Structures are given as C-alpha cells and as structure tokens.
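Every number for a ligand or one of its atoms is a count from 1 in the order of the listing. Note that the structure is predicted; figures quoted are calculated from it, not measured.
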Amino acid sequence: MYPILQKVDSPADIKKLAIDELNLLAVDIREALFNRLTKIGGHCGPNFGSVEAEIALHFVFNSPQDKFVFDVSHQSYAHKMITGRKLGYIDDSKFQEDSGYTNPEESEHDLFNVGHTSTSISLATGLAKARDLAHKKENVIAFIGDGSLSGGEALEALNYAGSELRSNFIVIVNDNEMSIAENHGAIYKNLEILRESNGNAGLNFFKALGFDYLYEPNGNDIQSLIQTFQKVKDIDHPVVVHIHTLKGKGYPFAEKNKEAWHWCAPFDRASGKPTVDWGDGESYESITANYLLEKAQKDPKLLVITPAMPASVGLSPAIRQALGSQ
Ligand SMILES: Cc1ncc(C[n+]2csc(CCOP(=O)(O)OP(=O)(O)O)c2C)c(N)n1
C-alpha cells in the first residue's frame, strides 16, 4: 500500500521524484484520504480537490523557509502527509495524532492554528512585512479557496497587500466554484469571467487591487501547476495565481454533490453511505430547520442568516428553497 507515499518523510523527498512518480503520489495520497475519511470522517471535498496543488507547491517551494498559510486549513491534509505526518492518515492507530487543521505544535511546516475562513491573506501579509523588515527573501504564500475570498478579513488583506507591499507575496486562489454551499456575490461573477476568458478578461478584480495575475485552468494537473508556480517563485511583487480545481476530485459522489461532501462522517466507499447509525429520529439539524421553517411561514418578517454554512443548522438546499427570500 502507498508505495510512493511510504517513501515521503519530508518535502525534500518529493523534490527527487519524476512527474510520473508525483502523479502516483497523488494516487497514494487519495488512498490515504479514503483510509482516514471512511473511518473517522473529516473534510472530504476540499482535500480531494487540492491534492495536486499541494504536491506542486511542495515540489516548487521550500517549506519551512518558504511559508505556506492555508485558509481555514481544512484542505491541508496532503500538505500534512508530505510534511512528515502521513501516519495520521495511513496508520489507523495514529489518526488522533493529527488534528485535521494546521497546527504549529504538530510541525514546523504549519504556521497557524486556524479554522475560521478568510484569515490566510491577512496572516501572510504579516509574515511578508516581518520578512521585509528583517531583510530576508523567502516566499510567502497564502492558499485560499474561492468561498473564503469574500470574507471581510480577506478583502482587508487584498486591499492592503496589492498596493502597499512592494515585495514577494503570492496568493493562490483555489477556485473550485463552491464555498460549503454555493457562492454569492460580485467576486464570483468576476471569477467566472476570468475562468471563461482563460484569465485574459480586462475586468480583473485582482489587477484592480494592484496584484499581478496568472490563471491556471488545469488545477488538478501537477505538471501544469509546477510550471505555473515556477513562474512566480521568488517574484518581487504581489501576485495572484488563480487555479481552477474540482472539489471532491477522485471520488464521484463528492464531485457530484459538493455541498453534502464538503465534510463527511465515516462512510462506505462503494455506496457513499454513512457508516454511523444516527437513527431515524430527529437531529439537532432537523429540529432547528423545521422550527425555523415553521416560524418563517407564520411570520414573513422572519429572516434566517447563516455564516455561509447552512447545512450545519439543517438548512439543506430543499429547506433553503422552501424558505425562499427569507
Ligand atoms: C468565519 C467563518 N465563517 C464560516 C465558516 C464556515 N466555512 C468553513 S470553510 C468555508 C468556505 C469553504 O469554501 P472555500 O474557501 O472555497 O474552500 P473549499 O472548501 O471549497 O476548498 C466556510 C464558509 C468558517 N470556518 N469561518
């Protein structure tokens, strides 16, 4: 099992691999994701979709000298496997040793304990500023999903970094066209225009904020990603690298129903069904959703607001439709 991953104890080990071996490493990492996720659950779609990007990042850049900041860090499993923590995925007795988020206590390759969205660019601006004051030269890389890009803290940081930093600063926008649920707002219209124009549209949110900009349509192809990341390595100004990826890549159920598979309970790989018996009765989610729906139907002035994670309070797409504009 995991023939290539078994040989990887640190990023240095993947720098020696040829492209076909890197592609096989992606296969091993997905198998390791299945091993952990089917047994103890966790973030599914975000990790299946970012395997190639994290391999290519570690191939091109030199962590921990170069600094990666993962937004939310719910998509950092491949990074963790490459940075000496594969046993948390392939050895069932070691699952509890890995937190599932970046954690500086676990590794020198993890810089922050996070879990909130939209923090990575902001945190990375601090690292870049500190680097510049210390007259150092390493690459600072924020890795952020499209969904997290519309959080206020991300916007603050984009506002600052693109025009105030005059040094190396790399924002990888991992665009899989989904937040936990669907995206909303103007930024997503621009991301769509950029995808459809292969990055060439004149209307470019990132350029308007002072960033240089590159588009990589093949965000699940290691070779393409390596070539693109090499273009921005050691760059001397802020750049956004917009990569287009497929959330859930490699697991058909997760590719198809992206919202349901953002996070998963333990499941059976063949059927996609949860293996935990929740019982047939009510859950906190169903009680909350039904309560809100009933209230909303009686009171047209009642509005429901979620922090972009509607399903966790039972607001499935069907319930959202029933709530309509409320
Ligand atoms: C402040 C805050 N609001 C909401 C959430 C819930 N949340 C977790 S990840 C996420 C967005 C996921 O979308 P994206 O950033 O595109 O990453 P993906 O999972 O698609 O890779 C949200 C809204 C959170 N963790 N923190």
Side-chain angles (χ1 to χ4, degrees), residues 29-30 33 37 41-57 68-80 99-103 112-124 141-158 171-192 194-195 205-206 216 219-220 225 240-251 253-264 285 304-317 320:
I29 288 179
R30 281 206 173 79
L33 288 176
L37 290 168
H43 281 99
C44 185
N47 283 298
F48 276 99
S50 59
V51 171
E52 288 80 11
E54 289 170 37
I55 291 175
L57 281 175
F68 297 133
V69 187
F70 289 96
D71 209 276
V72 194
S73 77
H74 65 315
Q75 79 294 64
S76 62
Y77 293 8
H79 155 79
K80 293 183 141 213
S99 69
Y101 293 88
T102 56
N103 181 348
F112 299 99
N113 265 306
V114 271
H116 277 53
T117 62
S118 316
T119 55
S120 62
I121 309 176
S122 213
L123 292 167
I141 302 124
F143 187 91
I144 182 167
D146 52 317
S148 302
L149 205 55
S150 50
E153 201 175 333
L155 298 175
E156 275 178 41
L158 286 171
V171 179
I172 314 274
V173 173
N174 175 29
D175 181 3
N176 56 28
E177 301 182 50
M178 276 298 269
S179 183
I180 295 180
E182 75 283 356
N183 285 309
H184 290 273
I187 288 176
Y188 302 103
K189 299 205 173 76
N190 193 223
L191 289 182
E192 186 181 359
L194 289 168
R195 288 191 306 269
F205 171 66
F206 304 109
E216 175 47 68
N220 291 103
L225 288 163
V240 165
V241 182
H242 177 189
I243 66 173
H244 189 206
T245 61
L246 179 65
K247 193 158 180 169
K249 168 89 179 166
Y251 189 42
F253 291 112
E255 288 181 15
K256 191 148 182 276
N257 191 345
K258 297 184 174 69
E259 182 174 349
W261 285 91
H262 174 82
W263 184 89
C264 61
E285 288 87 346
V304 180
I305 301 172
T306 86
M309 42 196 307
S312 60
V313 286
L315 302 177
S316 63
R320 298 208 291 274

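Between Glu52 and Arg30 there is a salt bridge, since a side-chain N of the basic residue sits under 4.0 Å from a carboxylate O of the acidic one.
At a 3.5 angstrom cut-off on N or O pairs, Asn176 counts as close to ligand 1. Among the atoms of Gly115, some N or O lies under 3.5 angstrom from an N or O of ligand 1. For a threshold of 3.5 Å applied to N or O pairs, the pair formed by Met309 and ligand 1 contains no separation below that value.
Proximity of His43 to ligand 1, defined as any heavy-atom pair under 4.0 Å, is not found for any part of the residue.
Under the 30°/60° scheme for interplanar angles, the aromatic rings of Phe68 and Phe70 are found to be tilted.
The side chain to side chain contact (heavy atoms under 4.5 Å, CB included) with Phe205 is formed by just one residue from the set Val240, Leu158, Leu191, Leu194; it is Leu158.
Here the protein heavy atom with the shortest distance to atom 13 (O) of ligand 1 is Ser179 CA, 3.3 Å. Among all non-hydrogen protein atoms, the one lying nearest atom 19 (O) of ligand 1 is His74 NE2, 2.8 Å. For atom 15 (O) of ligand 1, the closest non-hydrogen atom on the protein side is Ser148 OG, 2.6 Å. What sits closest to atom 26 (N) of ligand 1 on the protein, heavy atoms only, is Thr117 N, 3.0 Å. At the shortest separation from atom 4 (C) of ligand 1 among protein heavy atoms lies Pro307 O, 3.1 Å.
Heavy-atom distances between Lys247 and ligand 1 reach below 4.0 Å in at least one pair.
Nearest-residue assignment for atom 16 (O) of ligand 1 (options Gly151, Ser73, Ala308, Gly147; heavy-atom criterion): Gly147.
Listed for the Glu54 side chain is a donor-acceptor partner under 3.5 Å among the backbone atoms of His79. Under a 3.5 Å cut-off, the side chain of Lys247 and the backbone N or O of Cys44 do not form any donor-acceptor pair. In this structure, the side chain of Asp146 engages the main chain of Met178 through a donor-acceptor pair within 3.5 Å.
Rounding to the nearest 0.5 Å places CE of Met309 at 9.5 Å from OG1 of Thr117.
Listed by number with element, the atoms of ligand 1 under 4.0 angstrom from any heavy atom of His116 are 1 (C), 25 (N), 26 (N). Interface atoms of ligand 1 facing Pro46, defined by a heavy-atom separation under 4.0 Å, are 19 (O), 21 (O).
Within the 4.5 Å cutoff, side-chain heavy atoms of Ile121 are placed close to those of Leu149. By the 4.5 Å heavy-atom criterion applied to side chains, Thr245 and Ser50 are not counted as neighbours.
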